[in-house]
Amino acid sequence: MSLRLCGHAIKAASNAGAEEAEALLFNRYSTNVGIERAEIKTAANVKDVGIAVRAVTKSRIGFAYTNRLTIDEVEKTARAATRASKASLMDKNWKKLPEKKAYPTVEDTYDKRLTEVTPDEAVSVCLKMMAAAVDVDKRVIPAFGGVELETNEMACFNSHGVEVKDRGTVFVYYLGTMARSETQVSPMCLEFKASRVYEPEPDWVGSEAGKLAIQSINVGKAEAGEFPVLLDAFALESIFMYALIPSVRGDNVSRGKSKLKDKIGSRIAGENLDLFDDGTLSGGLRSGKADMEGVPKQRTSIIEKGTLRGFLYDNYWGKKEERESTGNATRGGGRLLLPPYGTLPTIEPSNIILKPGTASEDELIAQVKNGYYVRDVQGAHQSNPETGEFSVAIAPAWRIMKGEITHAVKGAMIAGNIYDVMEKISLIGKKSRQLGTFITPKIVIDKLNVITK
Amino acid sequence: MELSLLKDILVSVIDEIMRAGADYAEIRAQNNDNTILEMKDGQMEAVTVASEVGAGVRVLAKGAWGFSTTNSLLRKDLAESLRAALKMASTAGKKVREPVRLAEVKALEDRVTLPVKKDPRNIDISTKINNLLDINKSCYNFDKRIKSVTLNSANLTTEQTLATSDGTFIEHEKMFVWNYCWVTGKSGAVMASARDEIGAHGYELYENHPPDRIATRVCKKVIQQLEAEPAKSGAHPAIIGTDIVGVLAHEALGHICEADLALSGSAVMGKIGEKIASEKVTIYDSALIPEGFGALKYDDEGVTGEKTVLIQDGILVGYMHNRETAGKMNVPPTGNARAQDFRVPPIIRMRNTCFKEGSHSFEELLEGVRFGYYLEDFRGGQANLDGTFTIGVQSAFEINKSELGKPVRNLGVSGNTLETLEQVDACGKDFGLEMGRCGKGQLMFASDGGPSLRVKTILIGGA
């Protein structure tokens, strides 16, 4: 990785008149193998490299990026960022770019073995997943799936002396299955594993995905009303990420868009709920030593025993609120799904951890007695984070009667409010898993409104 | 780079890889220039300018696809990228039982320019910033209860050169001007938000949507929700308005009619020729609506874009195809292969997906409803392959004894596509087209629309 490009960019911006400048260099190398309709039909080898320059002139911010990594083009980009800053308007919230700080040591975020996996090995992981799924039952169709091996390198330099580089590997493999009986089609059932190290367990992914599909075609009656509901990590991740997490983002708090604005120190959830973000978690999918603007990652408490303790900040919003950044700056994505270096920082959790309890799988189901088990939900992104209200379709989902899972249900919804949900947690599982930025066990909610046809 | 020079390079590296064992090869070279603005509560967060160059390269060999990318259009880098793609294809194809076979297409040479009135690249940044400032000001002036305004605008332009081993060589200019607002209001303890999303191929977008009109449109919806009450959960009749009917076409039916998903076992797999909806329902996906975000002369495989009918009078008549699925099903490709940019391969995407108009006035649609809901505008939508769809609604009203009643807020609707389409009992003679974005691993601009529709029953999930 040519770190010198960062130096060239900062110098060119400052020569063009920028008072502060930052350069972010980002490289991603990935190898992907894709499953479609029970066959391996695609494999890709993709590299995305780019440099992004943030230039500040009289509290005006300009930003430019390019994927042409020659000194000439990088300097041109730095000048474009500076020009853009001069064309922009003064941002009265602007303080300054991040200052130099010490970085934590974070373990298990890079595995050299992962960079050496051959396309053949990736193909064999896919074949094993499919074989294990069909082994469960011949009616299982491995509809889609794949293996993704990713190596990311980042370097962030700025004119206040920040000079940090980091690298990480990610290994994801997944299988989406469906099953058909004479009268029923299952919903798409997804299982996956994701880790920073290369230790494949394709049989587990395949057989779990297969079982889910088969368990989803034994469809029976759904009953409307208020019921206890066991929520799986998939469902919890969707609901928490869309209905709660936007309200703990410092920008939303600062802009009056969070219901939690003046609630630090107040109880907002049941005493059995602890929630924190940890960007330094060993092996965490979003762990690293620095965030995407060079601020050290850290552990930040959000909810402790039901009491609201803190919010997540990047440099801009942290400084505006006269606090420190919590190291939660990310880049890229957004409404236009831009490349990982293609936007200014936005606030995102690293690894949000919902503290596990002690209940086993059987205890969780028994706790429900008469209710539902919801594996996944659909439509959570239409939640209203400003009120916490959500209303989502549930699939795959099962009825629990007399403390046992009896049959799958179709076409039902659950609706509620995340703050109400957090008050009504009656049991928390002991085994956690990570989905995206969220690490959670299964939990039982005492009462949730189930809507049916 | 001189275009004639680029053509020589593309043709010669493609020739080389064909001699090395490829059955098909394709290079999509792009130059992208983007300007993106974000304003929050009147503060200009950033002016972003981006300049990218790159090529997405696909090779078919041993019956499977290999894909690779490069950020350089130099001969040696394109050739290396093709070799990487060939290697990946050969690896993927080792166990293929049913090799990929592409539908035949005629080799085409063409240069496509867009008939835009105002090229966004010729508008200076201060004009673009002032435009956002005007929207922002009009929002805050609309009502004291407006508390927060996020504005995004983007001009994305792409100069694409597509060369394939079939002899196709198409230069394609693409342009999207997009404007998005998210406005939040607060009244006592109640908070509510609404979105407004518009787009066009040129900067003339803002001639049709001056700042105060955008602001009024979105702020009205915020205030309406602040004053609204929650809906009654359960199954109710509904009129689905012209701003929301497209989401139903796109999310509920469109995705499951994408041939890759249909072949993967979606709810319409194997149902071509069967009646799957009420006879009132005709749905099509068209590349030929010029103002639509999905308008295209050729798709990213060089296939000519057309109007593809999916449901005709209730009967499923076709899917949306790329060359691979068309080859598999022995039908002509429909021109639905689209890629976000050079970083990703083209996949089957919708273009402009619409319900066909009927003959009823809005009043006639209301006449049939004793109690139900009029769903006016949406927040977002999502669908599963089994046909379960959800739509978040940001503007809705009760219907009482055939008359529009009080507004209701924050409801989600859900249903099963085939059951819901069977419930359509009348279509309006009005028509609306919405510009939007669709995510299928990649982001794509697309449009959807149709007339007001009446459904006998749909599941309303009031929060």
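Excluded from the calculations below are hydrogen atoms, water molecules and symmetry mates; all remaining heavy atoms, backbone and side chain alike, are included. Just so we're on the same page: letters track the sequence lines, and every chain starts at 1.
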- Could you give me the CA-CA distance, side-chain angles and deciding distance for A:Thr343 and B:Thr48, then say whether side-chain contact (heavy atoms from CB on, under 4.5 Å) is met? CA-CA 8 Å; A:Thr343 70; B:Thr48 299; over 6 Å; no
Given B:Val393, B:Val49, B:Ile36, the one with more heavy-atom pairs under 4.5 angstrom with chain A than any other is B:Val49
- prompt: Would you call A:Arg37-B:Asp260 a salt bridge at under 4.0 Å N-O?
  reply: no
Practice problem: May I ask you to decide if B:Ser51's main-chain N or O and A:Thr66's side chain share a donor-acceptor pair within less than 3.5 Å? | Solution: yes
Okay, B:Lys40 and chain A: the region with an atom under 4.5 Å from a heavy atom over there is both
When the 4.5 angstrom heavy-atom criterion is applied to B:Phe342 and chain A, the contacting part is side chain
Looking at B:Gln43 and A:Lys92, would you say the former's side chain and the latter's main chain have a donor-acceptor pair under 3.5 Å?
yes
Bottom line for B:Lys328: the part with an atom under 4.5 Å from chain A's heavy atoms is side chain
Check: Can a salt bridge be assigned to the pair A:Glu39 and B:Lys95 using a cut-off of 4.0 Å between side-chain N and carboxylate O?
Finding: no
| task | Ignoring hydrogens and angles, tell me if any N or O in the side chain of A:Thr387 forms a donor-acceptor pair with the backbone of B:Met191 under 3.5 Å. | result | no
Comparing B:Ala235, B:Ser68, B:Gly54 against chain A, the one with the most heavy-atom pairs below 4.5 Å turns out to be B:Ser68
If you define the side chain from C-beta out and look only at heavy atoms, does anything of A:Lys410 sit under 4.5 Å from B:Thr388?
no
(message) Is it the case that atom NZ in A:Lys259 sees more than 12 heavy atoms from other parts of the structure closer than 6.0 Å?
(response) yes
The interface call for B:Glu251 against chain A, heavy-atom contacts under 4.5 Å, is neither
So, the part of B:Leu263 with a heavy atom under 4.5 Å from chain A: the answer is both
Counting heavy-atom pairs under 4.5 angstrom with chain A, the leader among B:Phe378, B:Phe445, B:Trp182 is B:Trp182
Okay, A:Ala380 and chain B: the region with an atom under 4.5 Å from a heavy atom over there is backbone
Rounded to the nearest 0.5 Å, the CD atom of A:Gln378 sits from the CG atom of B:Asp386 at a distance of 7.5 Å
Is there a donor-acceptor pair closer than 3.5 Å between any side-chain N or O of B:Glu52 and the backbone N or O of A:Tyr65? no
Ranking A:Asn384, A:Val123, A:Leu69, A:Val33 by heavy-atom pairs under 4.5 Å to chain B gives rank one to A:Asn384
Bottom line for B:Val149: the part with an atom under 4.5 Å from chain A's heavy atoms is backbone
Cut-off 4.5 Å, heavy atoms of chain A, and the answer for B:Gln394 is neither
Of the listed B:Ile391, B:Asn32, B:Val344, the one with the largest count of heavy-atom pairs under 4.5 Å with chain A is B:Ile391
| query | With a 4.5 Å heavy-atom cut-off, do B:Met44 and A:Asp91 have their side chains touching? | reply | no
Turns out that what part of B:Leu133 lies under 4.5 Å from chain A's heavy atoms comes down to side chain
Ignoring hydrogens and angles, state whether a donor on the side chain of A:Arg255 or B:Thr184 is under 3.5 Å from an acceptor on the partner side chain.
-> no
*Under 4.0 Å between a Lys/Arg side-chain N and an Asp/Glu carboxylate O for A:Lys320 and B:Glu45?*
no
Cut-off 4.5 Å, heavy atoms of chain A, and the answer for B:Ala192 is backbone
Cut-off 4.5 Å, heavy atoms of chain A, and the answer for B:Arg97 is both
TODO: Please check if atom CD in B:Glu80 has more than 12 non-hydrogen atoms from other residues, nucleotides or ligands closer than 6.0 Å.
DONE: no
The interface call for B:Ser414 against chain A, heavy-atom contacts under 4.5 Å, is both
Greatest number of non-hydrogen atom pairs under 4.5 angstrom with chain A, of B:Ser148, B:Ala46, B:Gly66, falls to B:Ser148
If one checks every heavy atom of B:Ser266 against chain A at 4.5 Å, the contacting part turns out to be backbone
Q.
Are the side chains of A:Ile61 and B:Val47 in contact, using a 4.5 Å heavy-atom criterion?
A. no
Honestly, the part of B:Ile458 sitting under 4.5 Å from a heavy atom of chain A is neither
| field | Minimum side-chain heavy-atom gap B:Met269-A:Arg180 below 4.5 Å | value | yes
Cut-off 4.5 Å, heavy atoms of chain B, and the answer for A:Ser186 is backbone
Closest non-hydrogen contact found for B:Leu459 with A:Ile451 is CD1-CG2, 3.9 Å
(Q) Looking only at side-chain N and O atoms, does B:Asn152 offer a donor or acceptor that is under 3.5 Å from a partner on A:Arg335? (A) yes
